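Below, each value reflects all heavy atoms present in this structure, side chains not excepted, and no hydrogens, waters or symmetry copies. Computed from a predicted structure; not experimentally measured.
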Amino acid sequence: MVDVFSGRPLLTRDGRAVDPEEVLQNKIVGLYFSAGWCSPCRDFTPVLCDFYSELLEGARPPAPFEVVFISSDRSPEEMAEYMHDMHGDWLALPFHDPYKHDLKKKYNITAIPKLVIVKQTGEVITDKGRKQIRERGLSCFQNWLEGADVFQNFSN
């Protein structure tokens, strides 16, 4: 995943720029294509927040997982408001970064919300992250770990 965002700063929820090579190292990444104006997105985002919190705060050691939000909001202000009001403490591609269009094409995003789970290399583990979280909760993460060849003692 580091390869996918190499040289492109990501933003924290509070707007601070971070280096993807540091924050995504050895993690499974959920690419979250979403927008605040989208009703199904606003419906799923709290579910993703709970999932994310349980994986990172409820597990020892924290799970090797990170979410990167790729916005389809209409303005940077809408994106910031959506992140502030509804998002977990995850990362985002800056609003004005044109790379979001390349990512949408690469991962065949035709509708939102979409949660694509990827390996370090950017290779897809599943493009049905949203469905799997809704149906199986935390148990789907173990399958993602196996699919990513990330070896760590993690139990939910």
| message | Determine whether L91 and L24 satisfy the following criterion, side-chain contact (heavy atoms from CB on, under 4.5 Å), listing intermediate values before the conclusion. | response | CA-CA 10 Å; L91 304 171; L24 301 179; 4.0 Å; yes
| request: Could you verify whether a donor N or O on one side chain and an acceptor N or O on the other, from Y82 and S34, lie under 3.5 Å apart? | output: yes
Taking every non-hydrogen atom, the tightest pair across [X] and [Y]:
X	Y	result
R8	P20	O-CG, 3.2 Å
E66	D89	OE2-O, 4.5 Å
A148	I28	CB-CG1, 3.8 Å
L145	P64	CD2-CG, 3.8 Å
C49	G88	SG-N, 3.2 Å
G30	I117	CA-CD1, 3.8 Å

Rounded distance [0.5 Å steps], [atom1] in [X] versus [atom2] in [Y]:
X	Y	atom1	atom2	result
T126	R130	OG1	CZ	13.0 Å
F141	R136	CZ	CZ	12.5 Å
I112	S71	CD1	OG	8.0 Å
E78	R74	CD	CZ	5.5 Å
I70	H101	CD1	NE2	12.0 Å
D127	I109	CG	CD1	7.5 Å

| message | Set out, in order, the CA-CA distance, both residues' side-chain angles and the distance that settles side-chain contact (heavy atoms from CB on, under 4.5 Å) for L48 and L115, then state yes or no. | response | CA-CA 9 Å; L48 181 58; L115 181 65; 4.0 Å; yes
| Step-by-step side-chain contact (heavy atoms from CB on, under 4.5 Å) determination, N108 to V116 | CA-CA 10 Å; N108 196 28; V116 180; over 6 Å; no
| How about Y32 and Y52: are their ring centroids closer than 6.0 Å? |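 Centroid distance Y32-Y52: not below 6.0 Å, so no.
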| request: Look at R42 together with D85 and state whether they make a salt bridge at an N to O cut-off of under 4.0 Å. | output: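 A salt bridge is absent here (no side-chain N lies under 4.0 Å from a carboxylate O).
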| Looking at F44, is K114 sitting on its ring face, NZ or CZ under 6.0 Å from the six-membered ring centre and within 45 degrees of the normal? | no
| field | Side chain to side chain, K100 and F33, heavy atoms closer than 4.5 Å | value | no
| Side chains of V124 and Y107: closer than 4.5 Å at any heavy-atom pair? | yes
| Under the side-chain contact (heavy atoms from CB on, under 4.5 Å) criterion, do L10 and L93 qualify, and how do the steps go? | CA-CA 5 Å; L10 297 174; L93 188 67; 4.0 Å; yes
| Relative to the ring of H87, is the ring of W90 parallel (under 30°), tilted (30 to 60°) or perpendicular (over 60°)? | tilted
| request: Give a yes or no on whether F69 and L11 share a hydrophobic cluster (residues Ile, Leu, Val, Met, Phe, Trp, Tyr; joining criterion: side-chain heavy atoms under 4.5 Å apart). | output: no
